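Heads up, the thing below is written out as structure tokens.
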Amino acid sequence: MAKPPPSAVDNVVSLAKRRGFVYPCGEIYGGTRSAWDYGPLGAMLKKNLRDAWWDDIVMLPCWGRKGPDGDKVSIVPLDTCIIQNPKVWVASGHVGGFNDPMVDDKETKQRFRADHLQGFYAGTKEDFAAMDAADEAVERGLAKFNVRPVATLIANSPSEALELMQRDPKLIKPFKIVRVYQTSSAGPGTISVKVEERGHASIGIIKAVEMSMLVNEPESVLSPFSGKAGALTAPRQFNLMFYSYTGAVHDEATKVYLRPETAQGIFINFKNVVDTSRVRIPFGIAQTGKAFRNEVTPRNFTFRSREFEQMEIEFFCHESDAMAWYTFWRDFRMEWWKSIGLAGDNLILREHDTDELAHYSKATSDIEYRFPFTAPGYGELEGVAYRGAFDLTQHTEHSKVKLDYFDTERGPINPKTNLPAGERYTPHVIEPSAGLDRGVLAILCEAYTPDTTRASGVFMKFHPRVAPIKAAVFPLVNKDGLPELADRLHADLVKRFGRYGLIETDAKQSIGKRYARMDEAGCPFCFTIDGQTREDGTVTVRHRDDQRQERMPLEDVVVFLERALQL
RNA sequence: GCGGGUGUAGCUCAGUGGUAGAGCGUCACGUUGCCAACGUGAAAGUCGCGCGUUCGAAUCGCGUCACCCGCUCCA
């Protein structure tokens with residue numbers, strides 16, 4: 001069959017549906033393109049991951065660890081609107097940069113509008129041995145020159161491109177334009193010229209690079225920056241922001257955008273936070289929330305979807321300390337992902353090359369996970385970017401509101417007071433920006449552990465901290481007073497741990513089947529009440545990962561779980 | 001968006017023109033003595049959707065939608 005072989009991610013998708021982690025969105029109406037809903041266990045898993053981030057960033061930043069300045073890390077939370085003043089997205093660059101078909105130069109990382117590409121093509125000197133032959137060819141209307149690409153220019157039109165070439169002949173070296181024909185036999189919108197190449201005459205044409213060429217034969221298009229063939233990506237529509245309208249009248253004046261990232265809500269509230277919460281630089285602002293991007297091609301299960309949740313920190317500091325904070329955050333965030341269960345070789349830290357950086361960034365690294373669908377490559381979980389003062393500067397320019405900071409601990413020492421005179425500056429920003437849904441997906445993929453030796457054939461090896469089901473209590477058989485004992489232990493555990501996750505109990509069917517069911521749901525511990533429990537008050541705990549069993553007194557169960565769940 | 005492929009029960013799939021199927025899962029009852037045991041029974045699909053061909057379509061044709069793989073978006 002031509003059907004593609006089931007991939008590792010297919011198995012994860014299948015289990016996710018079967019056990020209620022992830023459902024296709026809008027399924028009963030035929031689905032919504034690449035959108036997914038979280039089922040009971042998935043919603044729990046996602047909440048646990050979000051809470052873990054919140055706890056370790058906002059409640060006890062970096063586990064109480066000290067920053068590079070020797071003080072404990074200071075973070076305050078924020079929760080800003082999905083729909084902001086549209087000017088926010090103009091200032092951030094999202095409106096201007098993402099509404100036209102764009103092309104990237106893969107090598108120089110430069111981006112420009114695809115419809116601004118003008119190509120210059122020339123015939124070979126063999127075709128036109130003499131100047132006169134060239135004139136004759138054009139006059140006779142021989143449209144089908146055997147031309148080859150010489151250069152690509154960025155200009156609004158072929159005539160503007162011609163002007164550029166005439167002003168700067170080096171652009172099309174070694175060709176020289178010796179005559180511009182008034183009419184072109186090569187079609188409308190095309191300029192025909194006579195050129196000279198090292199003494200030989202030839203014909204040249206200037207015309208817009210066709211979109212279809214960028215898509216179908218990128219090798220025949222030269223980069224306007226490097227001149228290399230095939231260096232450009234296909235044109236892409238970057239109208240990535242969703243929009244709507246406020247009020248009943250729908251026109252441009254009432255148009256609003258759904259945020260494509262939560263970060264801008266933080267930047268525009270920088271002054272509010274500084275003025276009202278007694279924070280002092282260095283400090284960070286943290287926020288989780290949904291963001292929306294009208295992706296051209298959402299794909300790979302929940303990896304790239306149009307609606308996704310972010311967990312973002314904007315950490316503000318003085319420029320002189322920024323690199324130290326960048327390194328600190330990069331390393332801490334990597335350590336954090338390891339701590340919640342992505343501890344294996346599938347997680348890597350990748351520092352961006354200098355030519356890969358955005359123009360305003362001095363350093364950026366990605367924390368990447370080797371998903372089944374990216375293997376042997378990796379997909380980004382979190383980006384840690386040193387963004388300089390770019391964002392605050394942009395918003396200052398557009399809003400005319402100064403987003404700077406007066407630092408009383410800096411500046412030259414005032415000899416009279418023997419205190420620093422203070423320094424006013426625009427803070428630099430380190431941005432650790434993580435994808436919550438991607439984190440959940442990575443955890444699902446990492447946890448998925450085939451094991452042919454056990455009945456379920458697979459188990460979900462969730463770290464206890466994020467596992468949706470924290471524990472289960474089973475009577476070995478559904479009689480002889482065992483269910484009553486199980487109910488009692490279950491009630492105790494629910495009372496103590498119910499706020500952190502599900503505590504299951506089940507008396508039906510064989511014990512093996514119930515263990516198997518918990519394996520697939522990723523429950524780390526099963527406590528089983530048996531005949532011996534009635535005699536000496538002990539239960540067995542069954543460990544999910546190695547199926548090991550140990551016996552412990554009933555009264556030790558709570559402490560055991562507290563330790564295992566890191567509470 | 002382009003190219004290739006796939007849509008049948010919760011999951012995995014069989015069925016190629018003639019009454020809609022299996023395994024697993026789910027639920028109920030019985031049984032049970034530590035890893036999906038067993039028995040009996042039940043619920044569950046207008047075969048992705050629409051139009052066409054045909055006496056008759058899950059099956060053939062066209063269209064459409066969704067998903068998967070490749071190119072691109074990088075939270």
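Protein chains get the first letters and strands the later ones, always in sequence-line order, with residue 1 at the start of each. All figures in this text were calculated on a predicted structure; none of them were measured in a lab.
Heavy atoms of A:Thr528 sit under 4.0 angstrom from at least one base atom.
Separating the CG atom of A:Asn11 from the C1' atom of B:C13 is a distance of 14 Å, rounded to the nearest angstrom. In this entry the distance linking CZ of A:Arg350 with C1' of B:A75 reads 14 Å, nearest Å. Atom NZ of A:Lys513 is separated from atom P of B:U31 by 17 Å (rounded to the nearest Å). Straight-line distance from the CG atom of A:Asn478 to the P atom of B:U32: 11 Å, rounded to whole Å. At whole-Å resolution of the value, CZ in A:Arg544 and P in B:C34 are 24 Å apart. One interatomic measurement links the two molecules: CZ of A:Arg333 to P of B:A75, which rounds to 15 Å at whole-angstrom precision.
Between A:Lys508 and B:U32 there is no side-chain polar atom (N or O) within less than 4.0 angstrom of OP1 or OP2. Close to B:G10, at under 4.0 Å from its OP1 or OP2, lies no side-chain N or O of A:Lys17.
Shown for residues 515-523 of chain A: residues whose heavy atoms fall under 4.0 angstrom of RNA chain B, namely A:Tyr515, A:Ala516, A:Arg517, A:Glu520.
Taking the side chain as every heavy atom from C-beta outward, A:Thr302 and A:Phe308 never approach each other to under 4.5 Å.
Side chain A:Ser14 to base B:C11: no donor-acceptor pair is found below 3.5 Å. Side-chain atoms of A:Arg514 and base atoms of B:C35 include no donor and acceptor less than 3.5 Å apart. Between the base of B:C35 and the side chain of A:Arg454 there is no donor-acceptor pair shorter than 3.5 Å.
In this structure, A:Tyr326 and A:Tyr386 have tilted ring planes: the angle between them lies in the 30° to 60° band.
You'll find the ring centres of A:Phe371 and A:Tyr369 inside the 6.0 Å limit.
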Could you walk me through whether A:His543 and A:Phe525 satisfy the ring pair (Phe, Tyr, Trp, His ring centres under 6.0 Å) test, starting with their C-alpha distance in whole Å, then the side-chain angles of each, then the deciding distance to 0.1 Å, before giving a yes or no? CA-CA 5 Å; A:His543 296 257; A:Phe525 307 107; 5.7 Å; yes
Can you list the steps and then say if A:Phe21 with A:Phe301 is a ring pair (Phe, Tyr, Trp, His ring centres under 6.0 Å)? CA-CA 12 Å; A:Phe21 285 98; A:Phe301 199 26; over 10 Å; no
